[in-house]
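Single-structure report; data block below.
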Amino acid sequence: MSEQVYLNGRYLPLAEANVSVLDRGFLFGDGVYEVIPVYSGRLFRLEDHIVRLNVSLAGIRLLLDKTVAEWQAIFMPLLASDKDQYIYLQISRGYAAKRDHGFPDPVEPTVFAMCSDIKPFAGRITGIKALTLNDTRWARCDIKATALLAPVLLRQEALDQDCAEAILLRNGYVTEGAASNVFAVIDGELITPPRNADILAGITRDVILELAQAHAIACREGIIAEEALADASEIWVTSSTREIVPVIEIDGKAVGDGKPGPVFQRMDALFQAYKQSLA
Ligand code: PDD
């Protein structure tokens with residue numbers, strides 16, 4: 001963690017960064033966030049993250065117009081080393097003198113950012129176990145909302161069963177992971193569920209789709225039925241902090257031959273090379 005964090009226009013030590021208990025982020029989970037990787041001191045796909053942030057802000061009717069350059073200027077002083085790191089940015093609908101569901105007037109958003117190290121995730125190399133669970137989240141999963149109670153409970157249920165991620169099912173179809181997107185290799189084709197309100201449009205997901213296209217790896221956005229998971233030779237979960245993680249066991253059954261598969265090996269190498277190329 002960097003020593004300094006950003007809060008409402010000031011840089012200060014984490015221990016001194018306080019918000020009111022009447023902040024709507026605390027009372028209602030009324031806010032949105034972003035997680036932006038930093039590789040070799042560079043913000044990874046910053047523009048894409050800010051585009052998604054603006055979608056989230058519009059989705060919760062919170063007005064905050066900052067350019068990519070303005071966000072970059074806020075983040076740069078937080079970058080502490082050239083290790084892999086990430087910026088966590090959270091914007092809530094701010095303080096209101098009275099607890100009331102309706103929006104305060106005027107709204108003064110609380111803007112908080114900090115930088116943390118990305119700890120290498122061992123499961124990226126070895127593969128992880130996953131569990132399918134009923135997707136109990138709301139109908140606007142395209143908004144990166146700080147109200148994360150359902151994903152918290154879903155991830156914990158997976159952890160309780162010795163699994164590193166929950167793969168979520170809605171009406172018999174895969175949506176995404178508790179905090180990740182899902183890819184499956186079925187009949188030699190890489191498939192990920194389409195972009196809609198059931199999933200968060202992951203930036204890692206976008207990069208994988210681009211790399212597949214550029215390197216002639218058969219890939220498409222399409223629905224993945226629950227039963228199709230049993231036919232998948234590979235399943236991956238993807239996110240900014242864990243990158244591409246192969247799932248080697250799902251609901252107690254081996255995926256493919258129970259080892260990270262060849263399409264994963266190829267895509268992971270392409271992804272690492274892409275990261276390096278931006279450094
Ligand atoms: N979560 N879907 C959900 C529900 C997520 O929470 C995340 C990431 C993703 C992947 O998006 P991206 O590739 O842009 O990280 C998909 C972050 C890492 C988190 O909540 O910490």
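In this chain, residues are counted from 1 in sequence order.
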Compare all side-chain heavy atoms of [X] with those of [Y] and state whether any distance is below 4.5 angstrom.
X: V35; Y: I87; result: no
X: Y95; Y: T110; result: no
X: V185; Y: S233; result: yes
X: P260; Y: Q265; result: yes
X: S240; Y: T204; result: yes
X: L168; Y: N134; result: no
X: V68; Y: L46; result: yes
X: F44; Y: L278; result: yes

Subject >> Residue list, side chain to side chain contact (heavy atoms under 4.5 Å, CB included) with F103, at least two apart or on another chain >> reply: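 Listed in chain order: R24, R61, R93.
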Original post:
Under the ring-ring contact (aromatic ring centres under 6.0 Å, His included) rule, what pairs show up with a residue in residues 166-188, not counting sequence neighbours?
Top reply: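 Residue pairs with at least one partner in residues 166-188: F183-W236.
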Subject >> side-chain hydrogen bond (donor to acceptor under 3.5 Å, both in side chains) assessment of D251 paired with T132 >> reply: CA-CA 7 Å; D251 296 335; T132 56; 2.6 Å; yes
Original post:
Run the side-chain hydrogen bond (donor to acceptor under 3.5 Å, both in side chains) check on D82 and S40 step by step: do they pass?
Top reply: CA-CA 5 Å; D82 54 11; S40 308; over 6 Å; no
Can you name the closest pair of heavy atoms from [X] and [Y] and give their distance?
X: I74; Y: P77; answer: O-CD, 3.3 Å
X: G123; Y: P246; answer: O-CD, 3.8 Å
X: P151; Y: A178; answer: CB-O, 3.5 Å
X: F75; Y: L89; answer: CZ-CD2, 3.8 Å
X: A150; Y: T136; answer: CB-OG1, 4.0 Å
X: R52; Y: I203; answer: NH1-N, 3.6 Å

Partners of [X] by salt bridge (Lys or Arg N to Asp or Glu O under 4.0 Å), sequence neighbours excluded?
X: R195; result: none
X: R45; result: D48, E210
X: R220; result: E189

In the single-linkage hydrophobic clustering (I, L, V, M, F, W, Y; side-chain heavy atoms under 4.5 Å), do [X] and [Y] co-cluster?
X: W138; Y: L133; value: no
X: I208; Y: I223; value: no
X: V51; Y: L53; value: no
X: F271; Y: L190; value: yes
X: L64; Y: I60; value: yes

Neighbour count above 12 (heavy atom, 6.0 Å) for [X] [atom1]:
X: E108; atom1: CD; result: no
X: D65; atom1: CG; result: no
X: F26; atom1: CZ; result: no
X: D160; atom1: CG; result: yes

Who pairs with [X] by side-chain hydrogen bond (donor to acceptor under 3.5 Å, both in side chains), at least two apart in sequence or on another chain?
X: K253; result: none
X: Q90; result: Y88
X: R42; result: none

May I ask you to list the residues sharing a hydrophobic cluster with [X], side-chain cutoff 4.5 Å, ordered by chain and number?
X: I248; result: none
X: I128; result: F121, I167, L169, V174, V182, I186, I191, I224, L229, I235, V237, V245, V247, I250, V255
X: I125; result: none

Taking the basic N atoms (NZ, or NE/NH1/NH2) and the acidic carboxylate oxygens, is any pair closer than 4.0 Å for [X] and [Y]?
X: R140; Y: D142; result: yes
X: R137; Y: E176; result: yes
X: E243; Y: K275; result: yes

Treating [X] as the side-chain partner and [Y] as the backbone partner, does any N or O pair qualify as donor plus acceptor under 3.5 Å?
X: N181; Y: G202; answer: yes
X: E234; Y: V263; answer: yes
X: Q85; Y: I118; answer: no
X: N8; Y: V111; answer: yes
X: S56; Y: K144; answer: yes
X: E165; Y: A179; answer: yes

Subject >> Stepwise side chain to side chain contact (heavy atoms under 4.5 Å, CB included) check, V5 with F112 >> reply: CA-CA 8 Å; V5 301; F112 169 64; 3.8 Å; yes
Subject >> Spacing of T241 atom OG1 and D117 atom CG [to the nearest 0.5 Å] >> reply: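 CG of D117 is found 13.0 Å from OG1 of T241.
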Subject >> side chain to side chain contact (heavy atoms under 4.5 Å, CB included) evaluation trace for T192 with R205 >> reply: CA-CA 8 Å; T192 191; R205 175 185 176 280; 3.8 Å; yes
Original post:
Residues in ring pair (Phe, Tyr, Trp, His ring centres under 6.0 Å) with Y6, at least two apart?
Top reply: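 In terms of ring pair (Phe, Tyr, Trp, His ring centres under 6.0 Å), with neighbours along the sequence ignored, Y6 is linked to Y11.
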**OP:** Before giving the answer on side-chain hydrogen bond (donor to acceptor under 3.5 Å, both in side chains), spell out for S92 and D30 the whole-Å C-alpha distance, their side-chain angles and the decisive distance to 0.1 Å.
**Re:** CA-CA 6 Å; S92 81; D30 184 0; over 6 Å; no
Subject >> Stepwise side chain to side chain contact (heavy atoms under 4.5 Å, CB included) check, M76 with L43 >> reply: CA-CA 9 Å; M76 288 313 280; L43 292 147; 3.9 Å; yes
